[in-house]
Participant: 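This is the structure I have questions about; it appears just below.
A quick note: this is a predicted structure, and the numbers were derived from the prediction, not measured. All residue numbers refer to positions in the sequence shown, counting from 1.
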Amino acid sequence: MRRNRTLPFVLTAISLTAGFAYAQTQQPEVPAADVIKKSIKAVGYPIGGGATKVVFVGTSIAPQAQGEAKVEAKKGPTSIEVKLSGMPQPTSIGTEFLTYVLWAITPDGRTNNMGEVLVDKTGEGKLNASTQLQTFAMIITAEPYYAVRLPSEEVVLENDTKKNTKGKIYPDNDYQLMVRGQYAKLGNPLALTPNLKTTPLEVYEARNAVDIARSQKADAYAPEVFGKAVSSLQMLENQVSGKAEKKQIITTARQTIQFAEDSRALSAQRQDAERIQKERDAAAASAATKAKAEADAAAQAEAKRQGELTAAKEAQMKAESEAAAAKSQAEQAALQAKEQAARDEAARAQAATLALRAQLLQQLNDVLQTTDTPRGLVVNMADVLFETGKYALSQDAKLKLAKLSGIIQAHPGLNLGIEGHTDTTGTPEFNQKLSQQRADTVREFLIAQGLGADSITAIGMGQDNPVADNSSAAGRQKNRRVEIIVSGQIIGQKIGK
């Protein structure tokens with residue numbers, strides 16, 4: 001991406017190029033605790049319909065800010081021309097913020113970095129960009145540097161339509177924002193005031209990016225990448241102090257920013273993986289402890305039963321030796337005692353099975369909503385654990401399934417039947433395929449967690465088994481689900497054909 005900065009905060013028009021290709025093709029995985037969700041209005045711009053305009057409305061962060069965007073969808077890329085006014089300087093929002101970024105948001109919630117928007121001292125800014133998207137919403141956020149992968153929660157402007165805006169309006173589109181803490185600098189009590197007369201803005205962004213990566217423990221969790229960022233920053237500082245050419249300084253600064261952002265994102269991913277593993281190990285240990293306690297109790301009960309049977313047999317033999325004339329009666333009594341013992345044994349076995357079933361139901365309910373049904377224990381994974389129309393597991397889904405696998409491993413002999421279900425949105429063929437993909441994804445993840453492949457089946461049920469009315473959004477959400485049927489002899493249930 002070409003950038004032109006010849007004066008402090010000079011107004012610059014920026015075109016979207018390969019520099020942000022990664023942002024438009026990959027949506028980074030972020031721990032659920034580090035993101036918040038918002039909704040925004042999107043527009044489906046008609047191809048060949050000519051240019052149209054939408055407005056930008058300031059949020060509570062900058063109510064005086066405003067702007068408009070001229071959008072034209074063509075057979076090739078869609079062009080976007082943005083003009084802003086009344087913008088505060090980014091550092092007034094927080095010392096960690098140095099610039100603004102324009103984002104395009106798809107209807108399924110993917111956020112695409114469209115480029116950096118610079119504002120001059122009067123609060124005006126421009127940006128020319130292009131995208132392969134046709135239907136999208138737009139926001140502008142304050143960021144610590146331009147190469148961020150998810151927008152921060154500091155949304156300054158949101159798009160809105162005008163009376164004459166051409167295109168189809170989609171009023172509610174959910175998307176994710178990075179919580180401010182992920183980009184917050186630590187140990188920075190002084191306000192950062194960039195002096196662009198002597199130092200390019202990229203230098204400040206590079207320093208910011210490395211500080212932020214360090215605050216997110218990239219030095220510990222992603223040292224191989226963070227080390228490159230630190231070395232690159234040292235090279236940059238040497239170039240600045242040595243008054244190297246501006247082009248060389250900017251190139252090194254951009255390299256430093258990319259290394260730092262990559263290390264921050266990798267650190268967050270590895271920390272989340274570590275947290276999931278700890279949760280899984282804790283769930284498995286807890287389930288194993290409970291299972292051992294129940295096994296000990298069962299062994300004690302069996303020993304007591306054996307003692308009772310021995311006493312009954314001795315009493316029977318004594319009765320036979322003392323009263324030969326009453327042999328027939330004693331034999332009848334022994335037969336009755338044996339039958340009663342068998343009934344008692346069956347009752348105890350059934351009670352143990354029911355107790356284990358109830359305990360397993362409680363353990364599974366602590367992880368996901370679980371119902372006891374004639375088919376077995378049905379664990380319900382709602383559609384919120386998948387992205388809309390996708391079958392990749394969210395981080396929250398992985399955490400819950402990791403806990404579930406630990407519980408199942410503590411009870412050998414259980415079988416899992418995984419069923420994928422959809423609502424009626426889309427064609428039956430698409431829904432059948434999506435439901436099978438979601439069921440297969442859950443099965444593959446559970447196998448990767450150590451469960452036996454021969455004890456898990458997966459089937460896509462498509463849209464044919466709704467549990468609610470598909471005419472409402474709430475009903476469709478209930479119908480988009482994956483159900484895990486837990487069964488086996490040890491809880492008194494097999495999966496029926």
Side-chain angles (χ1 to χ4, degrees), residues 14-16 20-28 30 35-47 49-63 65-74 77-87 99-117 125-143 146 148-179 384 387-390 425 473:
I14 304 174
S15 298
L16 181 66
F20 288 111
Y22 73 92
Q24 295 200 43
T25 58
Q26 298 181 5
Q27 194 70 17
V30 181
V35 297
I36 59 175
K37 288 186 177 181
K38 291 190 67 176
S39 294
I40 193 171
K41 179 187 300 183
V43 179
Y45 298 98
I47 296 178
T52 188
K53 290 184 178 181
V54 295
V55 296
F56 282 102
V57 180
T59 65
S60 59
I61 298 175
Q66 60 183 339
E68 68 175 17
K70 179 181 176 182
V71 183
E72 183 174 2
K74 307 172 185 177
T78 299
S79 64
I80 305 170
E81 297 179 13
V82 174
K83 295 182 179 180
L84 309 176
S85 62
M87 296 287 288
T99 190
Y100 293 110
V101 171
L102 171 68
W103 301 87
I105 304 171
T106 64
D108 63 355
R110 289 183 294 111
T111 50
N112 301 278
N113 186 325
M114 302 296 292
E116 185 177 24
V117 184
K126 293 180 180 180
L127 173 65
N128 293 337
S130 63
T131 178
Q132 295 299 324
L133 300 175
Q134 179 198 352
T135 301
F136 55 92
M138 289 183 286
I139 60 172
I140 293 176
T141 59
E143 301 293 349
Y146 70 89
V148 290
R149 305 187 184 198
L150 274 181
S152 78
E153 63 178 306
E154 303 303 323
V155 180
V156 179
L157 290 167
E158 297 177 329
N159 74 190
D160 199 359
T161 54
K162 304 172 68 174
K163 290 185 178 180
N164 58 350
T165 297
K166 291 183 289 186
K168 184 175 180 180
I169 310 301
Y170 298 87
D172 296 313
N173 299 273
D174 293 335
Y175 65 99
Q176 293 183 334
L177 295 170
M178 184 81 74
V179 297
V384 295
E387 294 182 4
T388 304
K390 306 293 183 180
T425 303

Participant: Cut-off 3.5 Å, side chains only: do S152 and E154 have a donor facing an acceptor?
Facilitator: no
Participant: Among all residues two or more places apart in sequence or in another chain, which pass the salt bridge (Lys or Arg N to Asp or Glu O under 4.0 Å) test with E72?
Facilitator: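 Scan of E72 (salt bridge (Lys or Arg N to Asp or Glu O under 4.0 Å), adjacent residues dropped) gives none.
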Participant: Okay, side chain of E143, backbone of T99: is any donor-acceptor separation there less than 3.5 Å?
Facilitator: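 Answer holds: no.
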Participant: Between I139, V57, L84, which is the residue that forms a side-chain contact (heavy atoms from CB on, under 4.5 Å) with L157?
Facilitator: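 Between L157 and the candidates, side-chain contact (heavy atoms from CB on, under 4.5 Å) is satisfied uniquely by L84.
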Participant: Got a donor-acceptor contact below 3.5 angstrom from the T78 side chain to the L133 backbone?
Facilitator: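 At least one qualifying donor-acceptor pair exists.
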Participant: Mind checking side chain to side chain donor-acceptor pair (under 3.5 Å) for K83 and listing every partner two or more places apart, or none if nothing turns up?
Facilitator: none
Participant: Residues in ring-ring contact (aromatic ring centres under 6.0 Å, His included) with Y100, at least two apart?
Facilitator: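 So Y100 forms no ring-ring contact (aromatic ring centres under 6.0 Å, His included) with any residue.
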Participant: With sequence neighbours left out, what residues match D174 under salt bridge (Lys or Arg N to Asp or Glu O under 4.0 Å)?
Facilitator: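 Scan of D174 (salt bridge (Lys or Arg N to Asp or Glu O under 4.0 Å), adjacent residues dropped) gives none.
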Participant: Under the side chain to side chain donor-acceptor pair (under 3.5 Å) test, which residues partner K53, sequence neighbours left out?
Facilitator: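 Applying side chain to side chain donor-acceptor pair (under 3.5 Å) to K53 gives E68.
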Participant: Indicate yes or no for a side-chain donor-acceptor contact from N112 to the backbone of A104 under 3.5 Å, with no hydrogens or angles considered.
Facilitator: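 Yes, because the side chain of N112 sits within donor-acceptor range (under 3.5 Å) of the backbone of A104.
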Participant: Mind checking what makes salt bridge (Lys or Arg N to Asp or Glu O under 4.0 Å) contact with K41, not counting sequence neighbours?
Facilitator: D160
Participant: Looking at N113, T141, I140, which hits side-chain contact (heavy atoms from CB on, under 4.5 Å) with L102?
Facilitator: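 That would be I140.
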Participant: To the closest 0.5 Å, what do you measure between CH2 (W103) and CD1 (I40)?
Facilitator: 13.0 Å
